[in-house]
Every structure is written in C-alpha cells, then in structure tokens.
Amino acid sequence: MGAPATRAGELRWDIIELLFFAYRDFVGDADQELEAFGFGRAHHRVMHFVCRYPGLKVADLLDVLRITKQSLGRVLKQLLDEGYIVQKTGNNDRRQRLLYATPKGEALVARLAGLQTDRINRAMTGIDAAGVETVRAFLRAMIDRDDPDKVLATIFGTPPSGRKAKE
C-alpha cells in the first residue's frame, strides 16, 4: 500500500464525497423501514448476513461485522427474542452457535434488499455490462484484500489469501 496522499491536489474529494452521500442514501432507504421495528443498521447487517449465509457461526459473524461480542449480543438477543433469527447448536461441536433467519426474518431482509436493489438499478440505468463490471471491480478494490473473511471469499469466488479452497 502506498503512502497516503498529502497534497491537497492529490486528495480525492470528489470520490470521497460521492461515496459518503451514496452510502448515506443507500443505507437510508433501509433505515427508514427499520425504524418501524425499532431496529438500526446493526440489526440490518446481522440479519443480512444470517439470511444470506444460513448456519453462520456467531464467531464468524463477529469477524464479518468487526464488532465486539457485547455489541453483537445486544442486537442478536433482540432479533432472537422477536423471532427474526433462531440459534441452533452445531452437530459436531455443541459449543458452536449457528444462526438461521426465520421466515419473518427472511421477509424483512428481502424487503430491505428490494429497496437497495431498486436504488442500485436506478443508478445502473444506462450503464452497459462492461461498466457494471467496472463498478464491481472498483468496489472489490476498496475492500482490504488481506481480510481473512469467509464471506468475502464467497463473494470473490476465491479462498481468503493464504488459504486453500475446500475441495
């Protein structure tokens, strides 16, 4: 990784601000919907990954979200208590806590993903397949490639750096 840009002319204010506003509005669509349930962005992230990766271990979810056990515990308890997620013990290791979305949780995640997909589709209007791939490449490049996250490996279609894929 190179040294950070130091001269004002080198700073990418245009991209920094576009990313800020794009993120604000992208998550804002879901934020409005979540307010009705008394949920916030942490709930959304937990629900998203539990729904997308059924049987996700609590330990792996902590790694994905990069949050403390205490922060996850509060959010997870609410989602469990309100019936959006269920927790099961692992078959081979009874200490494992595996998370699954309930139909109620899946419906909420689908609603939120639909709102975000609508925004993405509006933004992609008029962009050809090569342009869409450029957008994907840009977003992938923004993520730390040495991140050992299993979910990122699934998204990238390759094992995390330094690991072999399961046969």
Side-chain angles (χ1 to χ4, degrees), residues 19-124 132 135-167:
L19 281 170
F20 172 80
F21 289 115
Y23 176 76
R24 178 199 65 189
D25 295 344
F26 176 74
V27 298
D29 294 335
D31 287 350
Q32 288 179 343
E33 189 79 16
L34 290 163
E35 272 182 40
F37 299 92
F39 293 162
R41 289 182 185 167
H43 296 85
H44 184 190
R45 289 188 295 265
V46 168
M47 297 264 312
H48 172 88
F49 286 106
V50 168
C51 189
R52 292 280 296 141
Y53 302 94
L56 187 65
K57 292 183 241 168
V58 170
D60 289 341
L61 184 58
L62 286 167
D63 289 343
V64 167
L65 299 177
R66 292 185 179 176
I67 60 174
T68 65
K69 206 174 197 179
Q70 183 179 6
S71 296
L72 177 61
R74 179 186 55 78
V75 169
L76 196 53
K77 180 177 179 353
Q78 188 177 8
L79 293 170
L80 288 164
D81 289 349
E82 295 189 27
Y84 290 91
I85 290 176
V86 293
Q87 181 176 275
K88 299 178 182 178
T89 56
N91 290 332
N92 298 335
D93 184 347
R94 308 291 292 163
R95 294 170 298 176
Q96 285 181 337
R97 295 185 308 161
L98 309 177
L99 302 171
Y100 297 87
T102 64
K104 181 178 173 180
E106 290 172 349
L108 179 56
V109 169
R111 170 85 179 125
L112 301 174
L115 292 169
Q116 292 178 320
T117 297
D118 289 346
R119 181 172 291 277
I120 290 167
N121 288 342
R122 284 192 307 271
M124 294 286 196
V132 170
V135 170
R136 283 191 188 113
F138 170 77
L139 292 171
R140 282 192 302 264
M142 290 290 293
I143 298 169
D144 292 338
R145 286 302 296 208
D146 61 348
D147 189 328
D149 190 276
K150 295 177 189 91
V151 171
L152 285 176
T154 301
I155 293 167
F156 289 135
T158 59
S161 58
R163 296 185 187 176
K164 292 183 179 179
K166 289 184 178 179
E167 305 278 332

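A quick note: this is a predicted structure, and the numbers were derived from the prediction, not measured. All values below were derived from every heavy atom in this structure, side-chain atoms included, with hydrogens, water molecules and symmetry-related copies excluded.
For the ring pair (Phe, Tyr, Trp, His ring centres under 6.0 Å) condition, the pairs that include at least one residue of residues 84-120, sequence neighbours left out, are F39-Y84. A side-chain hydrogen bond (donor to acceptor under 3.5 Å, both in side chains) check over residues 108-119, counting only residues at least two apart or in different chains, returns the pairs D29-R119, E33-R111.
In this structure, OH in Y53 is found 14.5 Å from CG in L99, a value given to the nearest 0.5 Å. To the nearest 0.5 Å, the span separating NZ on K57 from CG on L98 amounts to 8.0 Å. Between atom CD of residue Q87 and atom CG of residue L79 there is a gap of 11.5 Å, rounded to the nearest 0.5 Å. One distance of note links OG1 of T102 with CD of E82; it measures 11.0 Å at 0.5 Å rounding. The CD atom of Q96 sits 9.0 Å away from the OG1 atom of T89 when rounded to the nearest 0.5 Å.
Of all non-hydrogen atoms in F26 and I120, the two that sit nearest each other are CE1-CD1, 3.9 Å.
Partners of R52 under the salt bridge (charged side-chain N to carboxylate O under 4.0 Å, His left out) rule, at least two apart in sequence or in another chain, do not exist in this structure. For I67, the side chain to side chain contact (heavy atoms under 4.5 Å, CB included) criterion is met by L62, L65, S71, L72, not counting sequence neighbours. Applying the side chain to side chain donor-acceptor pair (under 3.5 Å) test to K104 and every residue at least two apart in sequence or in another chain returns nothing. For H43, the side chain to side chain donor-acceptor pair (under 3.5 Å) partners are Q78, not counting sequence neighbours.
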Checklist entry - Would D60 and D63 satisfy side-chain contact (heavy atoms from CB on, under 4.5 Å), going step by step from the backbone distance to the final call? => result CA-CA 5 Å; D60 289 341; D63 289 343; 4.3 Å; yes

Checklist entry - Given Q32 and L115, is the side-chain contact (heavy atoms from CB on, under 4.5 Å) satisfied, shown in steps? => result CA-CA 11 Å; Q32 288 179 343; L115 292 169; over 6 Å; no

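Tested against L76, the residues V50, I85, D81 include a single side-chain contact (heavy atoms from CB on, under 4.5 Å) partner, I85.
Two residues are said to be in side-chain contact when any heavy atoms from C-beta on lie closer than 4.5 Å; M124 and V135 meet this criterion.
Ring-plane geometry between H48 and H44 is classed as perpendicular, the angle between the planes exceeding 60 degrees on a 0 to 90 degree scale with a lower cut at 30.
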